[in-house]
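Presented below is the structure to which this report refers.
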There are 2 protein chains.
Amino acid sequence: MVTIKDIARELDLSYSSVSLALNGDTRIKEQTRERVKSKAEEMGYRRNAQARALVMNKSEMVGFILPDIANPFFASLILGAEEIAFRRGYSLVICNTNWSSKLEAMHLNLVIERKIDGILLVSCNEPNPTLEKVLSLELPVVFVSSPYPDAEANFVGTDSEHGGYLAAKHLLDLGHRKFVVVGGRFNSEAISQRFKGYERALGEYGIPLEESDVYPGDFSVESGCNSIKRILSEQHAFSAVLAFDDLIAIGVMNGIRESGLRVPDDISVIGFDNIEAASFSGIDLTTISMDKISMGRLAAEMLLDDLYCTDKPRDRKRTVLDQELVVRKSTGPVKRP
Amino acid sequence: MVTIKDIARELDLSYSSVSLALNGDTRIKEQTRERVKSKAEEMGYRRNAQARALVMNKSEMVGFILPDIANPFFASLILGAEEIAFRRGYSLVICNTNWSSKLEAMHLNLVIERKIDGILLVSCNEPNPTLEKVLSLELPVVFVSSPYPDAEANFVGTDSEHGGYLAAKHLLDLGHRKFVVVGGRFNSEAISQRFKGYERALGEYGIPLEESDVYPGDFSVESGCNSIKRILSEQHAFSAVLAFDDLIAIGVMNGIRESGLRVPDDISVIGFDNIEAASFSGIDLTTISMDKISMGRLAAEMLLDDLYCTDKPRDRKRTVLDQELVVRKSTGPVKRP
DNA sequence: AAGAGAAATTCAAACGTTTCAATTTCGAAA
DNA sequence: TTTCGAAATTGAAACGTTTGAATTTCTCTT
């Protein structure tokens with residue numbers, strides 16, 4: 001491997017000169033700088049970011065730890081974050097926790113060892129002592145999409161409670177009065193808040209949400225499909241489904257149709273996130289929409305901004321993005337029997 | 001930051017002992033090892049992977065460079081690769097090229113500077129001198145999904161030509177004789193091969209594929225939708241659409257339906273990749289299926305295996321995964337007028 | 001021709017590890 | 001007690017940079 005020393009030897013310069021020249025320091029004579037640069041080019045020199053990071057105490061990498069890379073919602077977040085990170089010379093280290101706080105902890109430790117400069121985190125929000133420890137470090141962390149419950153922490157996302165409210169309100173406006181809630185893990189803060197939003201809307205109509213109306217599961221099409229089939233087999237009386245995300249909602253619609261019922265004629269379904277698939281003709285899912293790519297971008301920007309202003313007492317930042325109801329064909333007025 | 005030296009001072013040991021102890025070297029007395037480890041724990045020591053990488057000349061990171069993180073096909077590849085990488089102690093650095101060889105080159109340079117140990121690459125296959133240079137390096141590279149045209153290079157993917165053949169053959173078997181091909185960039189090797197597969201199948205029926213039957217575009221729903229609308233407005237005579245991937249195919253179906261026609265009654269559509277959305281009820285896309293997560297896993301395994309066997313003359317490896325036609329409801333027999 | 005001042009370059013330490021040869025310590029055999 | 005070998009520990013260099021202080025080399029002035 002070609003190093004700075006090799007170039008120095010070749011050019012009969014000290015290696016500090018070479019380093020300075022390569023970094024465009026004007027203390028080095030213009031002509032020498034050029035000589036160094038072209039020699040470096042010629043010899044195929046590539047600077048060693050590790051060595052650089054060691055002495056400069058920053059790696060220009062950030063970690064993005066999230067529950068499920070393949071979930072289109074998170075994939076969009078990554079896309080936005082990667083764009084900004086790359087534009088500012090940073091690389092993204094991606095870690096998939098598969099909704100496990102154990103994996104979340106392992107990944108946190110791993111990226112910290114790697115001396116990444118900051119962390120974007122979609123936490124699965126289970127109690128996690130490692131995360132506590134990390135937050136007490138000097139290392140900047142931005143929570144994305146799902147906020148950190150207690151502590152003051154940087155956050156970019158939406159007002160999930162409000163989103164949940166919007167979703168439930170829409171169904172109520174259509175005349176629905178009996179609901180089931182499908183999917184999700186309740187330890188996730190974003191999900192708890194969505195649920196609270198549902199409850200608030202229903203509360204305005206004096207409708208309680210019983211434990212038995214709620215069917216937890218994974219954030220996947222398969223899980224949504226299985227849940228709704230179980231629900232239908234239980235003869236639960238309901239006219240509308242509140243799904244915690246679009247994948248679940250799509251699964252629910254699959255299940256309903258496979259059971260010989262129609263959406264929305266027999267049952268209305270509303271999702272959450274507005275992933276691309278929600279808009280496909282044939283799916284046409286009513287859902288709560290937000291700009292996921294911007295969310296990723298803003299999160300990365302918030303983190304990187306934090307990295308630039310070193311050692312100043314950083315104050316906590318919060319960015320809450322708009323969201324809105326997108327009405328498609330999966331919801332309709334309740335059928336009066 | 002707590003370093004090895006701090007522990008050494010605290011315990012009145014040399015820092016080589018501490019290093020050895022921390023790495024579980026048996027030359028250090030059991031008891032000392034334990035003492036060091038618990039002290040490290042107590043002081044909140046985290047080893048510095050940068051420093052380690054510098055001296056060991058390996059970073060235990062691999063780069064994954066690909067065209068579009070948010071495309072579900074690629075997202076699945078990442079998921080599989082991340083799983084294996086993490087399991088073996090490696091981190092994945094993700095880079096999005098947005099189908100631009102310029103970005104591809106920039107990312108290649110960046111990850112090499114970062115001293116990643118190897119590269120997983122879904123190349124956009126445009127001529128790329130930087131890539132040439134990288135391949136001449138000692139650095140292991142595995143091409144994923146889309147092979148490197150000329151050179152002998154590690155590859156994990158499918159036989160795209162065969163896949164293309166299967167797709168076209170299916171439509172021919174259904175009686176279709178007039179086709180349009182929608183989407184994709186032809187510089188991508190995988191796409192060229194799919195196209196060749198189409199041609200071979202049509203060739204068996206003596207049907208030529210004219211330039212005018214082919215509508216290039218992006219790998220996106222939107223692009224597919226726009227293309228088909230243009231095609232329909234041109235009054236092109238055809239009964240079936242060969243789409244280069246599922247997103248395009250879904251867009252095509254959207255466009256067809258929005259134009260008041262039916263799939264497959266009026267026009268049959270076949271995709272490629274079998275992304276999850278293809279199976280959603282309401283989409284039901286006939287497509288060519290392959291195991292994308294396995295593809296990601298195998299690629300990572302191939303790369304990591306290469307990293308372990310250092311300095312042996314590595315021979316080029318190829319893994320070709322099976323693929324199969326999945327018939328759903330987007331294709332049907334041609335309607336005789 | 002000397003000296004001042006600026007410009008250009010170099011020195012040397014530092015970043016936090018690993019590693020292997022060298023040294024010290026220890027316990028037991030002679 | 002001495003000696004020997006094994007066990008345990010240490011020293012020192014190396015990895016490839018950056019950086020501020022120190023030094024050298026110029027270029028003018030006078």
Side-chain angles (χ1 to χ4, degrees), chain A residues 1-37 39-40 43-61 89 109-110 112-117 138-139 310, chain B residues 1-37 39-40 43-61 89 109-110 112-117 138-139 310:
Chain A
M1 191 180 42
V2 183
T3 74
I4 262 184
K5 299 192 186 183
D6 298 320
I7 302 178
R9 197 174 318 115
E10 201 78 7
L11 251 36
D12 203 30
L13 278 171
S14 73
Y15 48 86
S16 31
S17 301
V18 175
S19 170
L20 260 10
L22 250 17
N23 290 316
D25 192 303
T26 51
R27 283 179 300 176
I28 299 296
K29 187 163 51 169
E30 167 87 43
Q31 181 205 335
T32 313
R33 254 183 294 157
E34 285 317 313
R35 215 153 49 93
V36 169
K37 282 183 182 167
K39 195 69 180 178
M43 298 177 72
Y45 168 78
R46 294 170 189 277
R47 82 171 162 201
N48 185 326
Q50 309 266 22
R52 187 163 206 266
L54 189 57
V55 55
M56 299 187 69
N57 198 30
K58 58 174 187 170
S59 62
E60 293 176 321
M61 299 191 303
N109 283 320
L110 192 61
I112 289 175
E113 271 196 2
R114 300 237 188 280
K115 296 296 155 192
I116 44 98
D117 296 335
E138 70 300 346
L139 188 68
T310 41
Chain B
M1 189 180 41
V2 184
T3 74
I4 263 185
K5 299 192 185 182
D6 298 320
I7 302 177
R9 197 175 319 114
E10 200 79 8
L11 252 34
D12 204 29
L13 278 170
S14 73
Y15 48 87
S16 31
S17 302
V18 175
S19 171
L20 259 12
L22 250 18
N23 290 316
D25 192 303
T26 51
R27 283 178 301 176
I28 298 296
K29 186 160 54 167
E30 166 88 42
Q31 181 205 333
T32 313
R33 254 183 294 157
E34 285 316 313
R35 218 153 47 93
V36 169
K37 281 183 182 167
K39 195 69 179 181
M43 297 176 72
Y45 168 77
R46 294 170 190 276
R47 80 170 162 204
N48 186 326
Q50 308 266 21
R52 187 163 206 266
L54 189 57
V55 54
M56 299 187 68
N57 198 30
K58 60 174 184 167
S59 62
E60 293 177 319
M61 299 191 303
N109 283 322
L110 193 62
I112 289 175
E113 271 196 2
R114 300 236 188 281
K115 295 295 155 195
I116 44 99
D117 295 335
E138 70 299 347
L139 189 68
T310 42

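Numbered from 1 within each chain, the chains take letters A, B, ... in sequence-line order.
- With distances taken from any side-chain atom of A:Thr3 to the nucleotides C:dT17, D:dT17, D:dT10, the minimum falls on D:dT17.
- Rounded to whole Å, the distance from CD1 on B:Ile4 to P on C:dC15 is 14 Å.
- The A:Ser17 side chain lies nearest to C:dT9 when the options are D:dG11, C:dT9, D:dC15.
- Along DNA chain D, the nucleotide nearest B:Ser16 and the nucleotide nearest A:Met56 are compared for position; the residue whose nucleotide lies closer to the 5' end is B:Ser16.
- Phosphate proximity of C:dT17 to B:Tyr45: present, with a side-chain N or O under 4.0 Å from OP1 or OP2.
- Side-chain contact between B:Asn23 and B:Arg47 is present, with heavy atoms from C-beta onward closer than 4.5 Å.
- B:Ile7 places none of its side-chain heavy atoms less than 4.5 Å from the side chain of B:Tyr15.
- Classification of B:Arg46 and A:Glu113 as a salt-bridged pair fails, no side-chain N sitting under 4.0 Å from a carboxylate O.
- Distances shown here put every side-chain N or O of B:Ser19 at or beyond 4.0 Å from the OP1 or OP2 atom of C:dT17.
- Among the heavy atoms of the strands lying under 4.0 Å from A:Leu20 is at least one base atom, whether or not backbone atoms are also near.
- Taking atom CG on A:Leu54 and atom C1' on D:dC15, their separation rounds to 9 Å, with Å as the unit.
- Between B:Arg52 atom CZ and D:dT17 atom C1' the separation is 20 Å, expressed in whole Å.
- Remark: P of D:dT9 and CG of B:Asp25 are 11 Å apart, rounded to the nearest angstrom.
- Atom-to-atom, OH of B:Tyr15 to P of D:dA12 comes out at 9 Å; the value is rounded to the nearest Å.
- Here the OG-CZ distance, from A:Ser59 to A:Arg52, works out to 11.5 Å after rounding to the nearest 0.5 Å.
- Comparing atom distances between the B:Arg27 side chain and each of C:dA21, C:dG16, C:dA14 picks out C:dA21 as nearest.
- A:Ser19 and A:Ser16 form no side-chain donor-acceptor contact under 3.5 Å, judged by distance and modelled atom types alone.
- In this structure, the nucleotide among D:dT10, D:dA14, D:dT17 sitting nearest to the side chain of A:Asn48 is D:dT17.
- Taking atom CZ of A:Arg114 as the reference point, atom C1' of C:dT17 lies 15 Å away to the nearest angstrom.
- Checked against C:dT10, D:dT9, C:dT17, the side chain of B:Leu13 finds its nearest nucleotide in D:dT9.
- Rounded to an integer number of Å, the gap from A:Leu22 CG to D:dG16 P is 15 Å.
- Inter-residue side-chain proximity for B:Ile116 and B:Leu139 is flagged as met; some heavy-atom pair is nearer than 4.5 Å.
- Among the heavy atoms of the strands lying under 4.0 Å from A:Asn23 are primed sugar atoms or P, OP1, OP2 only; no base atom is included.
- A:Gln50 places its CD atom 13 Å from the P atom of C:dT18, with the value rounded to the nearest Å.
- Scanning residues 28-37 of chain A for heavy-atom distances under 4.0 Å to DNA chain C yields A:Ile28, A:Lys29, A:Thr32.
- A distance of 8.5 Å separates OG1 in B:Thr32 from CG in B:Leu11, rounded to the nearest 0.5 Å.
- Remark: A:Lys115 engages no residue in a side chain to side chain donor-acceptor pair (under 3.5 Å) (not counting sequence neighbours).
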